[in-house]
There are 2 protein chains.
Amino acid sequence: MVVMTRWLDPDEQRTWRAFLSASRGLMETLDRELQRDAGMPHAYYEILVRLSEAPDRRMRMSELATETASSRSRLSHAAARLEAAGWIRREECPTDRRGQLAVLTEQGFATLAAAAPGHVEGVRRHLFDALSPAQVDQLRRISEAVADQLNAS
Amino acid sequence: MVVMTRWLDPDEQRTWRAFLSASRGLMETLDRELQRDAGMPHAYYEILVRLSEAPDRRMRMSELATETASSRSRLSHAAARLEAAGWIRREECPTDRRGQLAVLTEQGFATLAAAAPGHVEGVRRHLFDALSPAQVDQLRRISEAVADQLNAS
C-alpha cells in the first residue's frame with residue numbers, strides 16, 4: 001500500500017508556524033505571570049475556575065478532564081498538587097464507587113479570587129488587545145471547528 | 001491606586017475557552033501521536049525541524065529558543081535529552097565564547113525524516129481539514145498579531 005503524504009503548502013506551513021509560535025508564546029507568558037503572581041501554572045488556575053463554577057464547587061474527575069482537555073494522568077498529577085496546597089480535596093463519589101470527585105476548598109476559592117484580576121488582565125493584554133472584534137469571532141469559530149474535529153476523531 | 005479589572009465579556013469568554021480547549025487538545029493529540037510513532041514529544045520534533053533547515057544544520061541555542069518560542073531552561077532540558085538520544089550534539093560557538101551551538105546529527109536527520117510524513121498527516125487531519133481556506137488565512141493573521149504583541153511586550 002502506498003500512502004501519499006499530504007504535505008502542507010506554503011500558506012498552510014506559514015499558518016502552522018505562526019499558530020505554534022503564538023499559542024506556545026501566549027501560554028508560556030500566562031504561565032510565567034500566574035506562577036509569579038499566584039504560585040501556580042495556568043493549568044492549575046483553569047481547574048480551580050471550572051470547580052468554582054460547578055454546583056457545590058465539585059466535579060467528577062472524569063468530567064474535569066474533559067472540560068479542561070487534559071489527559072487523565074496529567075489531571076491526576078495536578079489534582080495531587082492542588083490537594084497538597086490545600087486548594088482542593090478529593091472525595092469518593094457517593095453514586096459511583098469507581099468515580100472520584102474534586103472539591104474546591106474555601107482556601108482554593110480565595111486563592112482563585114485573588115489571582116483572577118491579574119490573570120484576566122494578562123489574557124486581555126496578550127491576546128484580545130491584539131485582535132479586532134471580527135478576529136475574536138473568527139478565532140472562536142476556528143477553535144470550535146478544531147475542537148469538534150478532535151472530539152469526533 | 002484603584003485598578004479596574006477589564007473582565008472578559010461573554011463573547012471574549014467564549015472565544016478564550018474555545019481557544020484553550022482547541023489549542024491544548026490539538027497539542028496533546030499531536031504529542032501523543034509523535035510519542036507513539038517516533039518516541040518524542042512535539043517540542044523535540046520542532047527543534048529537529050528547525051535545525052534541519054538551518055545552514056550546516058546548526059543553530060545557536062539562543063536563536064533556537066527564540067524560533068521555537070521556548071524558554072531557555074525548557075530548551076536546555078530538551079537539548080540534553082536530544083543529545084542523549086544521539087539526535088543532536090552541542091558545540092561551543094567558535095565566534096562567541098558564551099554562545100553554544102546545537103547541531104543535528106545524521107541519526108537525528110534520519111529520525112526526523114522517518115517521523116515527518118505521519119506527523120504532517122496528523123497536523124492536516126486535526127487542524128487543516130477542519131478549516132476553510134479563508135479560515136487558514138484568518139488563523140495566520142490572528143497568530144501573527146498575537147506573536148507580534150508578545151514580542152513587543
Side-chain angles (χ1 to χ4, degrees), chain A residues 3-8 11-12 14-29 32 42-43 46 67-71 74 116-118 120-121 123-153, chain B residues 3-8 11-12 14-29 32 42-43 46 67-71 74 116-118 120-121 123-153:
Chain A
V3 177
M4 294 295 291
T5 301
R6 298 183 298 156
W7 296 106
L8 303 184
D11 281 351
E12 290 168 334
R14 199 170 152 204
T15 295
W16 175 235
R17 298 234 168 152
F19 170 78
L20 279 181
S21 173
S23 59
R24 185 171 306 146
L26 179 61
M27 294 320 296
E28 291 215 349
T29 299
R32 195 168 54 239
H42 183 263
E46 211 193 341
E67 290 271 318
T68 57
S70 300
S71 64
R74 189 167 296 188
V120 170
E121 179 62 29
V123 171
R124 182 169 290 292
R125 197 167 62 246
H126 301 306
L127 177 62
F128 290 105
D129 283 353
L131 306 182
S132 70
Q135 286 181 312
V136 172
D137 191 58
Q138 290 164 6
L139 181 59
R140 178 179 57 71
R141 289 169 192 270
I142 288 168
S143 298
E144 288 174 351
V146 171
D148 286 350
Q149 178 114 327
L150 287 170
N151 292 332
S153 68
Chain B
V3 177
M4 294 295 289
T5 301
R6 298 183 297 156
W7 297 106
L8 303 185
D11 281 352
E12 290 168 335
R14 197 169 153 206
T15 295
W16 175 233
R17 298 231 168 154
F19 170 78
L20 279 181
S21 172
S23 59
R24 186 171 307 145
L26 179 62
M27 294 320 295
E28 291 215 350
T29 299
R32 196 168 53 241
H42 184 263
E46 211 193 340
E67 290 271 319
T68 57
S70 302
S71 65
R74 189 166 298 187
V120 170
E121 179 62 29
V123 172
R124 182 168 291 292
R125 197 167 62 246
H126 302 305
L127 177 63
F128 290 105
D129 283 352
L131 305 181
S132 69
Q135 286 180 314
V136 172
D137 191 59
Q138 290 165 5
L139 182 59
R140 178 180 57 72
R141 288 169 192 271
I142 288 167
S143 298
E144 287 174 352
V146 172
D148 286 350
Q149 179 113 326
L150 287 169
N151 291 334
S153 68

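Keep in mind that this is a model prediction, so the values were computed, not measured. We name chains A, B, ... by the order of the sequence lines, and we start the count at 1 in each one.
Residue T29(A) touches chain B through its side chain alone, counting heavy-atom pairs closer than 4.5 Å. Contacts between S23(B) and chain A at a heavy-atom distance below 4.5 Å involve backbone atoms as well as side-chain atoms. Using a 4.5 Å cut-off between heavy atoms, L139(A) contacts chain B through both its backbone and its side chain. Residue V136(A) touches chain B through both its backbone and its side chain, counting heavy-atom pairs closer than 4.5 Å. The contact between F19(B) and chain A is made by backbone and side chain atoms together, counting heavy-atom distances below 4.5 Å. For E28(A), the part sitting under 4.5 Å from any heavy atom of chain B is the side chain, from C-beta outward, and nothing else. When heavy atoms are compared at a cutoff of 4.5 Å, R32(A) does not approach chain B at all. For a residue to count as touching a neighbouring chain, one of its non-hydrogen atoms must lie under 4.5 Å from one of that chain's; by this rule E12(B) touches chain A with backbone and side chain alike. E46(B) touches chain A through its side chain: at least one heavy atom from C-beta onward sits under 4.5 Å away, while N, CA, C and O do not. Residue contact with chain A, scored on non-hydrogen atoms closer than 4.5 Å, involves the backbone and the side chain of A116(B) alike. Using a 4.5 Å cut-off between heavy atoms, D129(A) touches chain B through backbone and side chain atoms alike.
Interface remark: of the candidates D11(B), D137(B), T68(B), D148(B), T68(B) forms the most heavy-atom pairs closer than 4.5 Å to chain A. Chain B forms more heavy-atom pairs under 4.5 Å with one residue of L150(A), I142(A), N151(A), V146(A) than with any other, namely I142(A). In terms of heavy-atom pairs under 4.5 angstrom with chain B, the leader among A145(A), A147(A), P117(A) is P117(A).
Between the CD atom in Q138(B) and the CD atom in Q135(A) there is a gap of 8.5 Å [rounded to 0.5 Å].
Side-chain contact between R24(A) and R74(B) is absent, with no heavy atoms from C-beta onward closer than 4.5 Å. In this structure the side chain of M27(B) reaches within 4.5 angstrom of the side chain of L20(A), judged on heavy atoms.
Listed here is the closest heavy atom pair of A22(A) and S143(B): CB-O, 3.4 Å. Summarising the geometry of R6(A) relative to E121(B), their closest heavy-atom pair is NH2-OE2, 2.9 Å, with the distance given to 0.1 Å.
Heavy-atom neighbours of R141(A) CZ from other residues, nucleotides or ligands within 6.0 Å: at or below the threshold of 12.
When atom types are taken as modelled, the side chain of Q149(B) and the backbone of R125(A) share a donor-acceptor pair closer than 3.5 angstrom.
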